[in-house]
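So the structure is just underneath, and the comments pick up after that.
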There are 2 protein chains.
Amino acid sequence: MAPLISAKTRPVRLADIAKAAGVSHGTASNVFARPEIVREEVRERVKAAAEAMGYGGPDPKGRLLRAGKVNAIGVATAEPLSYFFEDPFARVMMASISQACDATGAGISLVSAANNEQLAWNIQSALVDGFIVFCVDGGSKLVELARERKLPFVALDLDSDDDDAVAAIGVDNIAGAGLAARHLTELGHRRFAVLALPVADSGFGPTTREQMEKALYSGTRDRLRGYFAELSRVDIDVERVPIYETVNDEESVWAGLDHIFAGAETPTAILAMSDRMALHALDWLRKHDISVPGDVSVVGFDGVPEGAVSKPPLTTIVQPIAEMGRLAVKAILENDGSFSRQSLPVELVVRASSGPSPA
Amino acid sequence: MAPLISAKTRPVRLADIAKAAGVSHGTASNVFARPEIVREEVRERVKAAAEAMGYGGPDPKGRLLRAGKVNAIGVATAEPLSYFFEDPFARVMMASISQACDATGAGISLVSAANNEQLAWNIQSALVDGFIVFCVDGGSKLVELARERKLPFVALDLDSDDDDAVAAIGVDNIAGAGLAARHLTELGHRRFAVLALPVADSGFGPTTREQMEKALYSGTRDRLRGYFAELSRVDIDVERVPIYETVNDEESVWAGLDHIFAGAETPTAILAMSDRMALHALDWLRKHDISVPGDVSVVGFDGVPEGAVSKPPLTTIVQPIAEMGRLAVKAILENDGSFSRQSLPVELVVRASSGPSPA
DNA sequence: CACTTTCGTTGGATCGGTTCAAATTTTGAC
DNA sequence: GTCAAAATTTGAACCGATCCAACGAAAGTG
């Protein structure tokens, strides 16, 4: 079969068809960019020449340089690209980001990389007008790289309480976590376990409060602080609350629960720092015939749609994910230099995965 | 609070720091592109100048023009951008596309538009090395636009049996649909209904076989042909099989089932042209206390992961979605002009949504 | 010390367009 | 038929880099 994609170079430029049509390149440019100001006869002649020479229209590469604006925003993460399509939180966020982009006609470039050198290069060479940075993991490095580009950028998921110089949109993780913990203490729970998000890029396993305080990712740290502040308030010895650091996937969550429920004093309440973990936990508990919320209550964090249809439906702290996405796009596109940090409210949504402490 | 994003122009160019450092722009360029060939003393001086002037590294816009390659592939659809994150089929496809891109270090640009003029402009001005075109809907227009760019592109979901000049990756829809229908006829079913994908951009409602034959989208047409070829083979009068055209969402599917089950002779088997429709159908049937597969069997098409965990799990025709994505990326990136059309095999996966015809 | 290498640097050409002030042609009015 | 106004067209400048042939200086050789 004949080749259907031409692999040959396309050396036909605007200048070529200008010459062929016997006009200046300025006029040729106008034919495509502002056809109305070119006399019809000339316009047709140029278009005919373009057609004849197989010209595919002005190359955006050229236009770009002059125009300055790419009209696309980059969305960056330290995870593999498929994260955007597989992680529930990311998906909701991306759906709202993409709606905001659609509304303004901006495109979206997904930026990521398997390894770190690639990441740097990808960020440096991304053709975008600004970045939205997903900070779930490897956040600080990403923020650093994005900042070096000197383009407008917004970090999603407030990172670092110390670094006030980066624009960020997030929620009050401490307050949210507090809400989750208080809900459970009010139900009479006294024995807790925490499923934690990554602390650093270091795999998974049981961890301690001290480790968590050193967490690279402030979201993880703040959520733990929120949990423990509330637990301490009702005189629960937080030093004895097991914390298991996961990488937010099924394997590590299940390993975590294996570990937690191997102990003598099993928890009646599980605080999961993400809905994804909470949902995996629900699966594990069902598999082990542990009733939810009869034996164990589970409270998640994020408010992804899957939580509403899980078995049982998940009690969780919902973040205004869509709103965050919308604001992020707005901050990039209407960047007037005034945007800084913005903290959005979270909300406790009680569904069926939490109930009174047994006995 | 002080502005955290500088909205000011960034007039600092490579040439500026070259002048500041007292070197030629050629040398300045080398400092960033090939630092090792520049004498250390000079390199440091240039870097210091860059730092001092707030230079964010060579602007990719400039590099791009010279280099020619964008190192990104565009993925285009006629749907809103959020389609990529919400539709199950699209998500699986995108996950595999993005994995393939990750592996080769290529970026992904999402291209779409609310309205059609925008679509054209977006395709024309997308900074990409090639396009992967989602043909589920509005396919032909998209293919046309993509082709005009004279960039390598691949259509996903074989469109149009007539147009042999476009590279495409898809499955044999006729054979797949035949498999689905045969599965049901072998279970003794005689009364069928078809939930059809869009025929044109025309909303939803009951339709006829004649309408379907004129379908703009060959996938829709071919699947119907496949269904009917098999039904005819076992002497079912296909003229009496109701066909309801949906737009692949809950509302139109439910309306379709309302319509179909309002008739005197209700079907015992539903052929859905997508898993998404089939899953919505399952919901509708459950809501109406119609047992699946006791009263009605449902067979989908696509093989999205959700089908494996639905209630009941969905019998369906699975397409090698991931493989298609991989091939598409390969076709764009290793574009040697030899790629043409490729048809991948489908497979019937029997789960619990199909069973023997009642009585 | 003259002569060839080697290393580092320079500056012009180029990528493919857009833009705009100036030049030219056309049109309209008298 | 003349002249000003309006409509088109031109061509140079520019966008921000990379590339490369040529060149100058330092190092090595006989």
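Letters go in sequence order (proteins before strands), and every chain restarts at 1.
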Please report the interatomic distance CZ(A/Arg91) to CZ(A/Phe85), rounded to the nearest 0.5 Å. 10.5 Å

Any chance you could list the contact pattern along nucleotides 9-14 of chain C? Use B for base contacts, S for sugar-phosphate-only contacts and - for none, protein heavy atoms under 4.0 Å, 5' to 3'. SBBB-B

What is the distance from CD of A/Glu36 to P of D/dA7, rounded to the nearest Å? 13 Å

Give me the atom names and distance for the closest heavy-atom approach of B/Asn71 to B/Asp129. N-OD2, 2.5 Å

Measure CZ/B/Arg63 against P/C/dG17 and give the value in whole Å, please. 20 Å

Which atom names give the shortest non-hydrogen contact between B/Ala21 and B/Ala49, and what distance separates them? CB-CB, 4.0 Å

Less than 4.0 Å between a side-chain N and a carboxylate O, is that true for A/Arg147 and A/Glu144? yes

Under 4.0 Å between a side-chain N/O of B/Ser29 and OP1 or OP2 of D/dT18, yes or no? yes

Value rounded to 0.5 Å, distance of CZ in A/Arg13 from CE in A/Met53: 9.5 Å

Nearest whole angstrom, please: distance from the P of D/dT10 to the NZ of A/Lys19. 15 Å

In whole Å, what is the span from the CD atom of A/Glu40 to the C1' atom of C/dT26? 17 Å

When rounded to whole Å, the CG to P distance for the pair A/Asp59 and C/dT18 reads 10 Å

Separation between CD1 of A/Ile17 and CZ of A/Phe32, rounded to the nearest 0.5 Å: 4.0 Å

Write down the distance between CZ (A/Phe32) and C1' (C/dT19), rounded to a whole number of angstrom. 17 Å

Return no unless some side-chain N or O of A/Tyr55 is found under 4.0 Å from OP1 or OP2 of C/dG16. no

Per atom distances to the B/Leu65 side chain, the nearest of C/dG16, C/dG17, D/dT18 is C/dG16

Could you check whether any side-chain N or O of B/Arg149 sits under 3.5 Å from a backbone N or O of A/Gly56, counting only pairs where one atom can act as donor and the other as acceptor? no

Round to the nearest Å and state the distance from A/Leu14 atom CG to D/dC15 atom P. 19 Å

Interatomic distance where NZ belongs to A/Lys69 and C1' belongs to C/dT19 [whole Å]: 19 Å

Think A/Arg34 has a side-chain N or O under 4.0 angstrom from the OP1 or OP2 of C/dT18? no

